[in-house]
There are 2 protein chains.
Amino acid sequence: MKVDVIVFECREGSLLQTEAVVTQKKQKVKEQFHLFLTKKRLKATLQRNLILDAFVDLDRPTHMDELYLILRSKHSHIGHATVYRALRLFAAAGIAREFSLGDGLTRYELAGHGKRHDYLVCSDCGTVTEFDNSSIEERQLAVARSMGFTVEALKIELRGVCSRCLTQSG
Amino acid sequence: MKVDVIVFECREGSLLQTEAVVTQKKQKVKEQFHLFLTKKRLKATLQRNLILDAFVDLDRPTHMDELYLILRSKHSHIGHATVYRALRLFAAAGIAREFSLGDGLTRYELAGHGKRHDYLVCSDCGTVTEFDNSSIEERQLAVARSMGFTVEALKIELRGVCSRCLTQSG
DNA sequence: CTAGATGCAAATGCTTTGCACGATC
DNA sequence: GATCGTGCAAAGCATTTGCATCTAG
């Protein structure tokens, strides 16, 4: 199943990101990646840079196919295997986080996007809306701990119909 | 990737299910399924009954491969396509719920297991522990509603290390 | 120059489908 | 006996891998 995903960002704090902030964030991510490459004696290739640029510029959860299409529209000489490999590398470098929403796709988002992963998935149009609700985490952790579970990651997924689809379909 | 999944059930209320209750639940599910078949003019075949039995007897989240192995060990004449088709049919009949945990597998659980889907996934042994924490739901719904989102399903997924793996590995 | 990266194509693993045969209603 | 289900094998996907070629350090 192929799903087009559009994300409305809705995070606590700054909804409006100034251009300067975006550029700064982008720069920081790139630095982090190149530091990782150097440490691991890996190479900063043209493709890796292009893929990272596209990923950071998109600035929302995405998957290999979307990035591949964007990249191919500009630079025809990139294979999908390279995009897959790059995304896994980004995750290993800690600049991206890998996640899944139950369709067959492996999704990635910029790791800087907060510790929690709360998604509203519209079952009508496939849109993924991200939200952030810190008041829930502590309860979750408490429950888990009481069961002797050491929590590493928390994901909350709500499925339903988004306001736009609700308006359109009646 | 293949993962063995063991589930410790941990639900509010009755942790201990008496044999009578289990049998009753099983009977109810079967009735519901056969009602569905009749309504839709579908057939109650030997295989569908065998698969449903195995699924209900297991009484925990599972996936096609696990059921297939169980069934093949007893009745060698079942193809995996049939198990896949049966599981989808169970979901359509409302007696099973389909979900995913980000590995490549499509999982199913008995639909009667409550409205929420809260999983503790051990990143070490792959064990899926189910839990139920009703105090969280209202908060979730409130957040979603404030964003104009009509919620149909809620899934919470905690990843970490379970107590057993923690003890074993130090 | 050498370890590592790319791109293609082939391989993989889960799931679905086409089709001839078999079972149910 | 018509319709629907099964089992197998083949097809479909997203993703990974093998390998010859290319390139950054």
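Below, read A as the first sequence line, B as the second, and so on, with proteins coming before strands; counting in each chain starts at 1. All figures in this text were calculated on a predicted structure; none of them were measured in a lab. Heavy atoms only: backbone and side chains are in, while hydrogens, waters and symmetry mates are out.
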Atom CG of A:Leu42 and atom C1' of D:dG25 are separated, to the nearest Å, by 12 Å

Is any side-chain nitrogen or oxygen of B:Thr106 closer than 4.0 Å to OP1 or OP2 of C:dC14? no

Taken to the nearest whole Å, CG/A:Leu89 to P/C:dG4 is 13 Å

Per nearest nucleotide of DNA chain C, the residue lying toward the 5' end, B:Ala44 or A:Tyr68, is A:Tyr68

B:Arg85 CZ to C:dT16 C1', in whole Å, measures 8 Å

B:Val83 and B:Tyr68 have their tightest heavy-atom pair at CG2-CD1, 4.0 Å

Between the CD atom in B:Glu66 and the CG atom in B:Leu105, the distance rounded to the nearest 0.5 Å is 10.0 Å

The reported gap from NZ in B:Lys30 to CG in B:Leu52 (rounded to nearest 0.5 angstrom) is 6.5 Å

Side-chain contact check for B:Lys43: nearest option of D:dC8, C:dA5, C:dA23 is C:dA23

Handout entry: side-chain N/O B:Tyr84 vs C:dT15 OP1/OP2, d < 4.0 Å
Key = yes

Comparing A:Leu46 with A:Met64, nearest DNA chain D nucleotide closer to 5' gives the residue A:Met64

B:Lys40 atom NZ is separated from D:dT3 atom P, nearest whole Å, by 19 Å

Correct closest heavy-atom pair for A:Ala111 and A:Gly94 would be CB-O, 3.2 Å

Looking only at side-chain N and O atoms, does A:Thr45 come under 4.0 Å of OP1 or OP2 in C:dT6?
yes

A:Leu105 CG to C:dT15 C1', in whole Å, measures 14 Å

*Phosphate contact (D:dG7 OP1 or OP2) by B:Gln47 side-chain N/O below 4.0 Å*: yes

Task: Ring geometry between B:Phe55 and B:Phe90 (parallel below 30°, tilted from 30 to 60°, perpendicular above 60°) - done: parallel

Separation of C:dT16 atom P from B:His63 atom NE2, nearest Å, is 15 Å

Separation of C:dA23 atom P from B:Ile78 atom CD1, nearest Å, is 14 Å

Requested in this report: State whether A:Arg48 places a side-chain N or O below 4.0 Å from either non-bridging phosphate oxygen (OP1 or OP2) of C:dA5.
Outcome: yes

Judged by nearest nucleotide, the residue sitting upstream toward the 5' end of DNA chain D, B:Thr82 or B:Arg41, is B:Arg41

Here the distance between atom P of D:dG5 and atom CG of B:Leu52, to the nearest Å, is 15 Å

